[in-house]
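Note that the numbering runs from 1 along the sequence shown for the chain.
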Amino acid sequence: MTTSTTTTVLLADGGPAGVPACAGMDPDTFYPYPSEPGNRPTQAERDALAVCAGCPVRDWCLERDLTECPTTYQVVGVRGGMRQADRRALHVQRYGVQAPRRAEAGR
């Protein structure tokens, strides 16, 4: 059985209580060809977002992704109910292009 990245992390680090909606799904579902910022989501993105919509760990997934990605270039796919373009914009709003915590860790 294939598990998504989020499911694998939850199992490994004992994330929040609850089973992610992506459990048992093909991980490729969450890596669709991304739409451009400002454009409407592609059908593939909408399909992935629909899975996230009712997920009990959606907020945890989004927050984990934003804090674990050191640069906007590593924000890929659909996570936490947001598509790649929207998460990159949120990452820039919070941290700029490079997250300070991760920037310091590499020195």
Side-chain angles (χ1 to χ4, degrees):
M1 173 170 75
T2 304
T3 58
S4 74
T5 304
T6 301
T7 303
T8 303
V9 170
L10 280 169
L11 295 173
D13 78 1
V19 177
C22 59
M25 293 189 68
D26 182 353
D28 290 340
T29 302
F30 301 94
Y31 294 97
Y33 189 79
S35 57
E36 294 297 319
N39 290 349
R40 291 178 173 226
T42 64
Q43 182 60 51
E45 286 176 319
R46 286 194 302 270
D47 293 345
L49 291 168
V51 173
C52 294
C55 183
V57 298
R58 181 180 61 207
D59 294 340
W60 174 86
C61 181
L62 175 61
E63 194 59 38
R64 181 183 180 281
D65 181 71
L66 290 171
T67 59
E68 293 296 318
C69 287
T71 68
T72 57
Y73 302 109
Q74 292 178 319
V75 175
V76 295
V78 172
R79 293 278 188 284
M82 293 182 80
R83 63 191 179 123
Q84 176 175 307
D86 298 331
R87 286 194 347 275
R88 283 186 177 180
L90 183 56
H91 191 282
V92 168
Q93 180 183 4
R94 281 190 183 184
Y95 308 115
V97 175
Q98 189 166 4
R101 183 175 71 92
R102 292 295 183 184
E104 292 171 8
R107 292 183 185 167

Are side-chain heavy atoms of P32 and V78 found at a separation under 4.5 Å?
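Yes, at least one pair of side-chain atoms sits under 4.5 Å.
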Restricting to side chain to side chain donor-acceptor pair (under 3.5 Å), what partner residues turn up for [X], sequence neighbours left out?
X   : value
S35 : E45, R83
Q74 : none
D47 : Q43
R87 : D65

Looking at every heavy atom in both C55 and P20, which two are closest together, and how far apart are they?
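Closest heavy-atom pair between C55 and P20: SG-CA, 3.7 Å.
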Which atom pair, heavy atoms only, marks the closest approach of A21 to V51?
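Shortest heavy-atom contact: CB-O, 3.4 Å.
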To the nearest 0.5 Å, tell me how far [X] [atom1] sits from [Y] [atom2].
X   : Y   : atom1 : atom2 : result
R58 : E63 : CZ    : CD    : 13.5 Å
L90 : T72 : CG    : OG1   : 12.0 Å
H91 : T67 : NE2   : OG1   : 8.5 Å

Going by side-chain contact (heavy atoms from CB on, under 4.5 Å), name the residues that satisfy it together with V76, two or more places apart in sequence or in a different chain.
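Scan of V76 (side-chain contact (heavy atoms from CB on, under 4.5 Å), adjacent residues dropped) gives Y31, Q84, R88.
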In the single-linkage hydrophobic clustering (I, L, V, M, F, W, Y; side-chain heavy atoms under 4.5 Å), do M82 and L66 co-cluster?
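In one cluster: yes.
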